[in-house]
Peer 1: 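Once you've had a glance at the structure underneath, I'll fire off some questions.
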Amino acid sequence: MIIAVDGPAASGKGTLARRLASHYGFAYLDTGALYRAVARDVRAANRNLRDEAAAEEAARNLDAETLKDPFLRDRGVGEAASIVARFPMVREALRDYQRSFARRKPGAVLDGRDIGTVVCPDADVKLYVTAGLEERARRRFHELRAKNFEVTRAEILEQIRKRDERDKGRDASPLTRAPDAYLLDTTDLDIEAAFKSAVELIDEIIDS
Ligand code: DC
């Protein structure tokens with residue numbers, strides 16, 4: 001069984017996807033980590049993030065063992081990831097890994113931007129998780145402040161807005177809701193309520 005969870009930055013999709021995987025005993029893949037790792041490796045090779053050949057090379061040589069690297073969660077890496085993610089050759093190089101991961105038994109949950117549309121268009125369950133821009137910025141701001149980062153709300157809002165623009169506006173696999181994806185707007189939902197609503201939907205699909 002494949003559960004695809006897509007949505008914009010700071011929508012809560014990662015937390016939700018992780019909880020769903022643990023609830024159903026499925027494997028979990030944060031596909032954003034793949035793009036983050038490509039950005040990390042391009043920089044480590046002292047090459048430019050906007051150099052498509054360098055990004056493709058990093059994607060083809062990506063070591064999946066390094067996906068848990070805590071550096072990938074650092075500020076600025078998400079932004080860098082969205083730059084290399086625009087290149088079609090990078091996306092293609094990462095596709096097979098994601099598709100073979102999705103076939104894991106008894107099931108897999110993958111979260112990202114194009115799982116339900118491009119990577120696993122035949123997923124059994126597709127969720128499109130979103131929340132208003134202000135609310136996503138508010139969550140990210142509190143998350144960063146809790147880690148003692150000196151940030152302002154306005155700065156975070158602008159970063160997320162720019163990332164939305166880049167992820168939705170690119171030509172290669174832009175972020176968009178698959179027509180058959182269930183829309184989960186978490187603007188007014190806490191993680192518990194979002195999780196409950198997703199489980200109800202998935203259980204219905206499993207039972208049908
Ligand atoms: O989900 P995240 O914030 O870790 O993702 C970082 C960037 O990677 C995101 O801004 C765009 C890119 N990405 C993508 O293009 N496709 C995916 N399936 C996952 C992430």
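Only heavy atoms go into these numbers, but all of them, side chains included; no hydrogens, no water, no symmetry mates. Just follow the structure's listing: the first ligand is 1, and inside any ligand the first atom is 1. Please read all numbers here as calculations on a predicted model, not as lab measurements.
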Peer 1: What is the closest protein heavy atom to atom 11 (C) of ligand 1, and at what distance does it sit?
Peer 2: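 The closest heavy atom on the protein side is Asp167 OD1, 3.4 Å.
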Peer 1: Could you go through the salt bridge (Lys or Arg N to Asp or Glu O under 4.0 Å) check for Arg47 and Glu57 one step at a time?
Peer 2: CA-CA 11 Å; Arg47 296 179 76 180; Glu57 195 181 313; 3.2 Å; yes
Peer 1: Can you find a side-chain donor-acceptor pair between Arg113 and Tyr35 that sits under 3.5 Å?
Peer 2: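 Checked: Arg113/Tyr35 side chains show no N/O donor-acceptor pair below 3.5 Å.
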Peer 1: What do we get for Ala85 next to ligand 1 when only non-hydrogen atoms under 4.0 Å count, side chain, backbone, both or neither?
Peer 2: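 Side chain only.
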Peer 1: State whether the shortest distance between N or O atoms of Asp111 and N or O atoms of ligand 1 falls below 3.5 angstrom.
Peer 2: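 No, there is no polar N/O contact under 3.5 Å.
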Peer 1: For Thr186 and Arg139, test the side chains for any donor-to-acceptor distance below 3.5 angstrom and give the result as yes or no.
Peer 2: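 Present: a donor and an acceptor within the cut-off.
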Peer 1: Looking only at heavy atoms, is any part of Arg163 under 4.0 Å from ligand 1, and if so is it the side chain, the backbone, or both, or is it neither?
Peer 2: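 Looking at Arg163 and ligand 1, just side chain atoms fall under 4.0 Å.
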Peer 1: Backbone or side chain, does any N or O of Asp114 fall under 3.5 Å from an N or O of ligand 1?
Peer 2: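 Yes.
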Peer 1: Which one of Lys13, Arg91, Arg36 has a non-hydrogen atom at the shortest distance from atom 14 (C) of ligand 1?
Peer 2: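 Checking each option, the heavy atom nearest atom 14 (C) of ligand 1 is found in Arg91.
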Peer 1: What protein heavy atom is closest to atom 19 (C) of ligand 1, reported as residue, atom name and distance in Å?
Peer 2: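 Nearest neighbour among protein heavy atoms for atom 19 (C) of ligand 1, to 0.1 Å: Thr31 OG1, 3.4 Å.
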Peer 1: To check your reading of the model: name the closest protein heavy atom to atom 7 (C) of ligand 1, its residue, and the distance in Å.
Peer 2: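 So the nearest neighbour among protein heavy atoms is Ala81 CB, 3.6 Å.
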Peer 1: For atom 8 (O) of ligand 1, find the nearest protein heavy atom and state the residue, atom name and distance (0.1 Å precision).
Peer 2: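 Of the protein heavy atoms, Tyr35 CB, 3.5 Å lies nearest.
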Peer 1: Where the closest heavy atom to atom 17 (C) of ligand 1 is concerned, which of Arg113, Arg170, Arg95 has it?
Peer 2: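 Result: the heavy atom closest to atom 17 (C) of ligand 1 is in Arg113.
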Peer 1: Please check if any side-chain donor atom of Asp180 sits under 3.5 Å from a side-chain acceptor atom of Tyr128, or the reverse.
Peer 2: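 Short answer, no.
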Peer 1: Could you measure the distance from the CZ atom of Arg170 to the CD1 atom of Ile83? Nearest 0.5 Å is fine.
Peer 2: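 Answer rounded to 0.5 Å: 12.0 Å.
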Peer 1: Decide yes or no for Asp167 and Pro8: does some side-chain heavy atom of the first lie under 4.5 Å from some side-chain heavy atom of the second?
Peer 2: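 Counting from C-beta outward, Asp167 and Pro8 never come under 4.5 Å.
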Peer 1: If you measure from OG on Ser82 to CG on Leu175, what distance do you get to the nearest 0.5 Å?
Peer 2: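 Reported value, rounded in 0.5 Å steps: 11.5 Å.
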Peer 1: Less than 4.5 Å apart, side chain to side chain, heavy atoms only: is that true for Ser173 and Arg95?
Peer 2: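 A side-chain contact under 4.5 Å exists here.
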Peer 1: I'd like to check whether Gln98 has a polar contact with ligand 1, where a contact means an N/O of the residue lying under 3.5 Å from an N/O of the ligand.
Peer 2: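 No; every N/O pair is 3.5 Å or more apart.
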